[in-house]
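In what follows, a single structure is set out as structure tokens and then discussed.
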Protein chains: 2
Amino acid sequence: MERLIERLNEKHIQPSHQRIKILEILENNCDHPNVNTIYELLCKEMPTISRTTVYNTLNTFVEKGLVSALTITPEELRYDYVTIPHHHLLCRMCGRIINVEVQCSFAVKKEIEGHKIEDVQGYFKGICKECLIKGNTEK
Amino acid sequence: MERLIERLNEKHIQPSHQRIKILEILENNCDHPNVNTIYELLCKEMPTISRTTVYNTLNTFVEKGLVSALTITPEELRYDYVTIPHHHLLCRMCGRIINVEVQCSFAVKKEIEGHKIEDVQGYFKGICKECLIKGNTEK
DNA sequence: TTCCATAATTGTAATGAATACAGAATTAAT
DNA sequence: ATTAATTCTGTATTCATTACAATTATGGAA
Ligand SMILES: [Mn+2]
Ligand SMILES: [Mn+2]
Ligand SMILES: [Zn+2]
Ligand SMILES: [Zn+2]
């Protein structure tokens, strides 16, 4: 709680109740939730929250570099509490996005073929370990 | 033209006029156009084409593995005539998506940390070479 | 504490990509 | 030519996201 307020202050974001709660949800949900998932979790504790507030807050967080947005699924943005670059796996069975440790030599380059690089995203699509174990392999 | 029909036949897609034209546009536009760009180019030669046909056709192409769809921009899908895996650069100034040669050792793996890998996408965000030369570096 | 300016939140309307669907047109088979 | 299947078209719908204006909360000055 104090730690969350601290993180908000570091990025010069006013720590309102809504913002603290949204950041807390991001911290506790490592499978990169979308706006709707965040909104529904939020409703349990803040029944008056507005969907617009969730959108506004997440946009602010991304602009200030507090969290990152992933464009992996075509339908919607997914949000990531972690901003240091890392790769992801999108499971086509359960829909979760899972962090993957990959040390890619190109992830640190600032220039490739004359183009200026500011951000790197790497992702895999497939079936996650848990779904494989459950035999959850065809829909 | 014959080559395009050949490619459609290989994938068991009936080579209708619309499909041939759409495939031709994809072949001639290497910056990974979206549906609207394809539609507007198409209108010049086929004024009666329907936007729905563009969507249907591209969905068919992707399902049959003739072209690939890129989820790099959050707004829309971008389409790629090339299906063999390669990396991309999204230019935040001109919006083009440019192919980048990167030999990533992870792009060929079939399994990572217990997860089954079926597809790999890697992309960079930044400013393309042409925009840098033009000094087109701040919007 | 009270007042005021600013920022944050909310609800509704609007936008825009993508899909659903049903009828029209085209093509292929008989 | 007739029929059946496929493709194409236009419209309506869905859904994520943004625009906007009104309301509420916040923080500082008096
Ligand atoms: Mn992550
Ligand atoms: Mn490409
Ligand atoms: Zn899974
Ligand atoms: Zn550019």
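In this text, all values refer to a predicted model and were calculated from it rather than measured experimentally. Lettering follows sequence order; numbering is per chain, from 1.
- The aromatic rings of His86(B) and His32(B) sit tilted, their planes meeting at an angle between 30° and 60°.
- Residues from residues 13-24 of chain B with heavy atoms under 4.0 angstrom of DNA chain C: there are none.
- Distance, Arg78(A) CZ to dA16(D) C1': 14 Å, rounded to whole Å.
- The side chain to side chain donor-acceptor pair (under 3.5 Å) analysis of residues 13-24 of chain B, with sequence neighbours excluded, yields the pairs Lys21(B)-Glu24(B), Lys21(B)-Glu45(B).
- By the 6.0 Å contact criterion, CD on Glu101(A) is open, its count of non-hydrogen atoms from other residues, nucleotides or ligands being 12 or less.
- Atom C1' of nucleotide dA18(C) and atom CG of Leu77(B) are separated by 9 Å, given to the nearest angstrom.
- A salt bridge (Lys or Arg N to Asp or Glu O under 4.0 Å) check over residues 105-123 of chain A, counting only residues at least two apart or in different chains, returns the pairs Lys116(A)-Glu118(A), Glu118(A)-Arg92(B).
- When the P atom of dA18(C) is taken as reference, atom CD of Glu75(A) falls 10 Å away, rounded to whole Å.
- Remark: the backbone N or O of Ile72(B) is paired with a side-chain donor or acceptor of Thr71(A) at under 3.5 angstrom.
- No side-chain donor-acceptor contact under 3.5 Å links Asn56(B) and Thr53(B).
- Interface residues of residues 38-73 of chain B facing DNA chain C, ordered by number: Thr52(B), Tyr55(B), Asn59(B); criterion, heavy-atom separation under 4.0 Å.
- Protein atom CD of Glu76(A) is 14 Å distant from nucleotide atom C1' of dT14(D), rounded to whole Å.
- The salt bridge (charged side-chain N to carboxylate O under 4.0 Å, His left out) check on Glu10(A) picks up nothing, with sequence neighbours excluded.
- Evaluation of the salt bridge (charged side-chain N to carboxylate O under 4.0 Å, His left out) rule for Arg96(A) yields Glu130(A) as partners, not counting sequence neighbours.
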